[in-house]
Amino acid sequence: MQLHWSPKSPYVRKVMICAHELQLAQQLTLVRSVAAMLKPNAALMRDNPLSKIPTLVLDDGRTLFDSAVICEYLDSLAGGALFPRRARRAGRRCAGTRWATACSTR
């Protein structure tokens with residue numbers, strides 16, 4: 001998996017904390033990506049048309065963006081131990097909206 005990231009982003013830091021806690025950080029290839037509002041990053045836009053970080057590119061080419069969606073995905077890979085069961089269930093209720101706006105195919 002490839003993660004577009006920047007150390008200055010609090011959203012990226014949230015994803016990295018989840019990845020470390022779930023013992024998945026070593027599975028991420030970090031790609032330093034600058035995401036400036038006034039100057040879109042062409043390389044990042046290939047994976048995320050919003051040109052925002054964090055963006056996770058899965059091994060099959062699908063992309064996830066929005067830190068909450070990425071954290072939930074990483075949690076599901078690790079067996080769902082990080083988030084309480086009730087929180088996961090509540091998150092799934094609005095997952096259709098999140099998934100529609102936070103997942104794309106290449």
Side-chain angles (χ1 to χ4, degrees):
M1 294 180 288
Q2 192 176 54
L3 181 69
H4 289 278
W5 78 290
S6 171
K8 294 182 179 183
S9 168
Y11 304 106
V12 169
R13 289 194 299 266
K14 179 167 82 170
V15 168
M16 291 305 298
I17 289 169
C18 287
H20 282 286
E21 287 293 321
L22 296 166
Q23 305 297 315
L24 295 173
Q26 68 279 2
Q27 294 181 31
L28 299 176
T29 302
L30 302 177
V31 178
R32 182 80 181 257
S33 301
V34 177
M37 296 274 297
L38 299 176
K39 187 176 178 188
N41 181 330
L44 176 57
M45 287 184 72
R46 282 192 288 272
D47 294 323
N48 180 346
L50 299 174
S51 187
K52 292 186 177 184
I53 54 173
T55 296
L56 181 67
V57 181
L58 305 179
D59 294 332
D60 65 4
R62 291 179 296 149
T63 59
L64 299 174
F65 34 98
D66 185 80
S67 58
V69 172
I70 294 170
C71 288
E72 287 179 23
Y73 176 77
L74 294 176
D75 189 50
S76 72
L77 284 182
L82 189 61
F83 300 107
R85 177 179 263 194
R86 174 178 265 167
R88 285 195 311 265
R89 201 170 31 236
R92 279 192 214 110
R93 273 186 246 141
C94 60
T97 303
R98 275 197 212 147
W99 192 258
T101 59
C103 181
S104 68
T105 56
R106 267 198 203 172

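Q27 CD to T29 OG1: the interatomic distance, rounded to the nearest 0.5 Å, is 10.0 Å.
With L64 as the partner, the side chain to side chain contact (heavy atoms under 4.5 Å, CB included) test is satisfied by one option alone out of L74, V57, I70: I70.
At distances below 3.5 Å, at least one donor-acceptor pair connects side-chain atoms of S51 with backbone N or O atoms of N41.
With contacts defined as side-chain heavy-atom distances shorter than 4.5 Å, the pair I53/L44 qualifies. Contact of the V31 side chain with the T55 side chain is not registered, since no non-hydrogen atoms from C-beta on lie closer than 4.5 Å. In this structure, M16 and L3 have side chains that are in contact, with non-hydrogen atoms separated by less than 4.5 Å.
Residue pairs meeting the side-chain hydrogen bond (donor to acceptor under 3.5 Å, both in side chains) criterion with at least one member in residues 3-21, sequence neighbours excluded, are H4-S33, H4-D47, K14-S67.
The heavy-atom pair separating A81 from D75 by the smallest distance is N-OD1, 3.3 Å. Residues D59 and M1 approach most closely at OD1-N, 3.0 Å, considering heavy atoms.
L58 and L30 fall within the same hydrophobic cluster, defined by Ile, Leu, Val, Met, Phe, Trp and Tyr side-chain heavy atoms under 4.5 Å apart, directly or through other members. Linking Ile, Leu, Val, Met, Phe, Trp and Tyr whenever their side-chain heavy atoms come within less than 4.5 Å puts L82 and L77 in one cluster. Cluster membership for V34 and F65, using ILVMFWY side-chain heavy atoms within less than 4.5 angstrom, is not shared.
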